[in-house]
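Because the structure is a prediction, the values reported are computed rather than measured. Counting starts at 1 for both ligands and their atoms, in listed order. Position 1 is the first residue of the sequence, and the numbers go up from there.
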Amino acid sequence: MKQKILSNFIVFEGIDGSGTTTQINLLKELLTQKKISHWATYEPTHGPVGRLIHSILEGHLNAAPETLALLFAADRNEHIYHGQESINYKISENKLVICDRYLFSSLAYQSIECDFKYIADLNGRFPLPYYVFFLDTPLEICAKRRDARSQSHIFETHTYQEKVIGQYEKAFAYFKHTDLHIIRLDGTKSKQLILEDVWKIISGLPIVKK
Ligand code: TYD
């Protein structure tokens with residue numbers, strides 16, 4: 001089935017420590033400065049399913065890999081469709097929605113322990129963003145940043161992260177024949193230069209131009 005593309009929706013992806021959250025925060029500031037109506041959000045969410053996911057990631061609860069994949073899909077379903085704090089609703093209000101992680105994270109992380117097709121099918125009905133920005137940051141730089149953080153979770157091992165990089169490539173190849181725009185960003189650049197690269201691209205979007 002062809003996945004619908006939402007023109008006012010953009011997503012940041014990358015391995016843990018690649019800088020997605022930093023870019024979302026910088027972009028948020030820039031959009032506010034430029035008075036462009038937007039909504040910044042993230043996955044896993046802090047809704048009921050998202051909180052359950054966080055407990056599993058932190059190691060307080062245990063679940064089978066397929067169960068975790070189903071939970072990420074359930075959390076995403078809530079995030080896209082449920083209520084006024086949802087992607088669909090904010091888009092209907094003509095806001096530019098910027099999201100830290102989306103279904104590409106499920107394709108990259110969950111497909112290590114589950115069948116890729118299983119994850120693709122679970123996420124096959126969700127809409128796609130117009131742009132996916134992939135922060136291509138070397139494994140070693142990401143590891144150093146993660147070491148400096150106080151919290152860590154079950155996926156934050158060198159071996160797992162190395163596999164995630166490979167699975168991101170597989171995920172992007174999966175969308176090769178679609179209209180999805182996948183933009184790779186050089187994660188070794190300074191955060192301001194990365195933001196400039198992002199801005200050059202999204203400033204062409206009708207919602208930003210007007
Ligand atoms: P992260 O953005 O790092 O959250 P926090 O800042 O709270 O640590 O996301 C948590 C982890 O969840 C990260 O390793 C990526 C992973 N993840 C998946 O495995 N599948 C998914 O579908 C999503 C959205 C995230």
Side-chain angles (χ1 to χ4, degrees), residues 3 9-28 40-81 86-87 97-129 132-137 139 141-172 174-175 187:
Q3 287 174 266
F9 181 32
I10 66 174
V11 164
F12 284 83
E13 291 281 353
I15 63 168
D16 290 274
S18 61
T20 59
T21 309
T22 304
Q23 281 308 312
I24 288 274
N25 290 336
L26 289 174
L27 184 57
K28 203 165 117 178
T41 185
Y42 49 84
E43 291 190 3
T45 70
H46 272 85
V49 187
R51 288 203 293 271
L52 187 55
I53 293 174
H54 280 288
S55 304
I56 297 168
L57 294 180
E58 286 156 20
H60 305 309
L61 297 172
N62 201 344
E66 288 76 11
T67 311
L68 186 56
L70 287 160
L71 289 174
F72 274 115
D75 186 43
R76 188 157 300 127
N77 195 73
E78 287 289 295
H79 194 203
I80 303 167
Y81 302 113
S86 69
I87 295 171
V97 174
I98 58 173
C99 189
D100 190 351
R101 299 194 177 282
Y102 189 57
L103 55 82
F104 311 96
S105 284
S106 282
L107 289 168
Y109 285 76
Q110 275 62 64
S111 70
I112 291 168
E113 292 174 280
C114 309
D115 178 44
F116 187 89
K117 173 94 175 38
Y118 177 71
I119 308 300
D121 287 347
L122 272 185
N123 288 278
R125 285 175 167 271
F126 296 137
L128 296 175
V132 185
F133 289 103
F134 177 69
L135 273 150
D136 197 353
T137 313
L139 210 53
I141 297 183
C142 296
K144 273 202 191 116
R145 289 183 187 158
R146 292 197 307 273
D147 286 348
R149 291 179 190 166
S150 54
Q151 266 203 333
S152 73
H153 59 69
I154 54 170
F155 297 144
E156 293 191 354
T157 64
H158 186 84
T159 341
Y160 206 90
Q161 296 290 318
E162 201 169 21
K163 288 183 188 159
V164 175
I165 295 183
Q167 293 309 90
Y168 263 122
E169 293 309 323
K170 191 166 174 182
F172 294 144
Y174 179 74
F175 291 103

Are Gln151 and ligand 1 in contact, using a heavy-atom cut-off of under 4.0 Å?
-> no
Aromatic ring pairing His153/Phe155, orientation class (parallel under 30°, perpendicular over 60°, tilted between) | perpendicular
Look up atom 12 (O) of ligand 1 and tell me if a protein heavy atom lies less than 4.0 Å from it?
-> yes
Arg76 neighbourhood, listing ligand 1 atoms whose heavy-atom distance to it stays under 4.0 Å | 21 (C), 22 (O), 24 (C)
Heavy-atom pair with the smallest gap, counting every atom of Ala171 and Leu107 = CB-CB, 3.7 Å
Counting only heavy atoms, which portion of Gln110 has something under 4.0 Å from ligand 1: side chain, backbone, both, or neither?
-> side chain
Least distance between heavy atoms, Arg101 atom then Tyr168 atom = NH1-OH, 3.3 Å
Please write down residue, atom name and distance for the protein heavy atom closest to atom 1 (P) of ligand 1.
-> Arg101 NE, 3.8 Å
Closest to atom 25 (C) of ligand 1 (heavy atoms only, candidates Phe72, Tyr109, Phe12) is Phe72
Please state whether the rings of Phe104 and Phe172 are parallel, tilted or perpendicular, taking 30° and 60° as the class boundaries.
-> tilted
Per-atom contacts of ligand 1 with Phe155, taking only distances under 4.0 Å to non-hydrogen atoms | 14 (O), 19 (O)
Which heavy-atom pair separates Ile80 from Pro127 by the least distance, and what is that distance?
-> CD1-CD, 3.9 Å
What one should report as the nearest heavy-atom pair of Gln167 and Ala108 is CB-O, 3.1 Å
List the atom of Gln151, the atom of Glu156, and the distance in Å for their closest heavy-atom pair.
-> O-OE1, 4.1 Å
Which ligand 1 atoms does Asp16 reach within 4.0 Å, using its non-hydrogen atoms?
-> 3 (O), 13 (C), 14 (O)
re atom 5 (P) of ligand 1, the protein heavy-atom contact at minimum distance is His54 CE1, 4.6 Å
Under-4.0 Å protein heavy-atom contact, atom 19 (O) of ligand 1 = yes
Report yes if some N/O of Ser106 lies less than 3.5 Å from some N/O of ligand 1; otherwise report no.
-> yes
Considering only heavy atoms of Leu57, which atoms of ligand 1 have at least one such atom less than 4.0 Å away?
-> 10 (C), 11 (C), 12 (O)
Does the side chain of Tyr118 come under 3.5 Å of the side chain of Glu66 through a donor N or O and an acceptor N or O?
-> no
Mind checking the CG-OG spacing from Leu68 to Ser106? Nearest 0.5 Å is all I need.
-> 8.5 Å
Taking atom 8 (O) of ligand 1 as the point of reference, which of Glu156, His79, His153 owns the nearest heavy atom?
-> His153
